[in-house]
Amino acid sequence: MSNKNQNSFLEFNRFNFIPFIEGVDLFLNFSIVTFLSIFFLVEYDDKYTLPVIIFFICLSFFSRIFLIPFLKKFSHLVKKRKFNCLFFLSIIYLVPIFLPSSFIYFSLLIFMLCRFCLGFLFSSISLNYLSSNLEKNEDSYFIKNSLFMMLGMILASFIYLFIDDLYSNNQLNTWAWKVVYILLFLITAFLCIILKFKEKSIYIDLNIIDNYEEEFFKKKIKKFFSSNIYVLIPLLSFIFFSSNRWLPKFANPENMQFLEFNIVFLMIIFLISVFIFPLIKLVGKKRLSNFLSVSIVIICFISFFFEYSSSYSINLLKFFISIVSSFSLCIFFMNTKNLKDFGVLSANFIQNLYFLCLSIITPLLFYYFINNSISYNSVYLIIGLFFFVSLASIFYVKDK
């Protein structure tokens, strides 16, 4: 049985390309925020425009929750039931390349629409994967998703360094930021051609909505969501890493050192996740997850009462966030095997709930970082509260 699970973890399929693309998209888009701000909203103050641009980028998270209602209402109007998702991804990445600077508000509207549609596509792909693989209980798929996303972010960080060295700031402000979308277009188009050639294309199947008429179990969904709320911590750390090229410079000077989430911290999350995931499967998810959650709550409670002023203590906090992020990913993706109890549509809805929260929290956090100083004691307190809510949900929220 262990050999079968190990083979499942090491086996790759075409769906693993999608989180890789998401990782590249996440890093590159969050890295060019300042250039997008100047291109679209140059006449406004940075402390307002930067969080607004962040929200526009986060529309690819925000829109995912609306996929199922949209498909239920309009899918019957579309005669063709299957669409090559990578083809449409490449088209969406191609559109921003042609945005004119002369009709700036029109260009901004098109950019927002592209981000909104991008969320639909990623959610559709997840829905199709769940439809064909949810019953297989392949929990390793979900941890591989996060690992491939991190690999995409790491590759994108080197791509961005090359672009940043190749073009001046003035060129990036006016037009060179579109090189990011040229590269995203080339990556998705190349994968589309390769998979089409191998006859393993990733399709969006609209028949899924017709085949699954499910009841949403609100209390069960609420319990699963709240008991795994800590997964927002690694997702936010990915966003901080993707923004490390500009955020420390534009944030409140007191926040600069904390917001410098460089590649070292992402590598810590990646490596610990790789090693801790088999351990969790060996020891037992429930026993180890409860132990880790209680330990993190106690550590955060004790740490709340210390003073953090030295660079050493701030780096220690970032290291702690990296460790917590890796634990959170592994525990969460072990819990996703329980998604099969909800059904395909409800499982997709639960996944999209986390992205909805992320799309709301992220712009607010960036606004706070830019205009206010961080209380490091509060960071420990918030992390502890995430895990406390998770534990409370496990023991006190009853299913319907």
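- A centroid separation of 6.0 Å or more is found between the aromatic rings of Phe265 and Phe319.
- Taking the six-membered ring for Trp and the full ring otherwise, Tyr167 and Trp175 have centroids separated by under 6.0 Å.
- Scanning for side-chain hydrogen bond (donor to acceptor under 3.5 Å, both in side chains) contacts around Ser107 gives an empty result, with sequence neighbours left out.
- Residues Ile263 and Ile268 fall within the same hydrophobic cluster, defined by Ile, Leu, Val, Met, Phe, Trp and Tyr side chains chained together at heavy-atom separations under 4.5 Å.
- Among residues at least two apart or in separate chains, ring pair (Phe, Tyr, Trp, His ring centres under 6.0 Å) pairs with a member in residues 351-373 are Phe61-Phe355, Phe225-Tyr354, Phe240-Phe369, Trp246-Phe366, Phe332-Tyr354.
- Residues Ser123 and Ser126 form no side-chain contact, since every pair of their non-hydrogen atoms from C-beta on lies 4.5 Å or further apart.
- Leu28 contributes atom CG, which lies 9.5 Å from atom OH of Tyr160 (distance to the nearest 0.5 angstrom).
- Ring geometry for Phe111 versus Tyr181: interplanar angle over 60°, hence perpendicular rather than tilted (30 to 60°).
- Residues Leu266 and Val264 are members of one and the same hydrophobic cluster, defined by side-chain heavy-atom contacts under 4.5 angstrom among Ile, Leu, Val, Met, Phe, Trp and Tyr.
- The aromatic rings of Phe241 and Phe27 are tilted relative to each other, their planes meeting at an angle between 30° and 60°.
- Around atom CZ of Phe39, more than 12 heavy atoms belonging to other residues, nucleotides or ligands sit under 6.0 Å away.
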message = Show, in sequence, the C-alpha distance, side-chain angles and deciding distance for Ser227 and Ser393, and conclude whether the side chain to side chain donor-acceptor pair (under 3.5 Å) test is met.
response = CA-CA 5 Å; Ser227 61; Ser393 300; 5.8 Å; no
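- Salt bridge Asp46/Lys249: absent, no basic N to carboxylate O contact under 4.0 Å.
- Of the options Tyr376, Phe258, Tyr380, a ring pair (Phe, Tyr, Trp, His ring centres under 6.0 Å) to Tyr308 is made by Tyr380 and by none of the others.
- The list of salt bridge (Lys or Arg N to Asp or Glu O under 4.0 Å) pairs with a residue in residues 163-186, not counting sequence neighbours, reads Asp164-Arg245.
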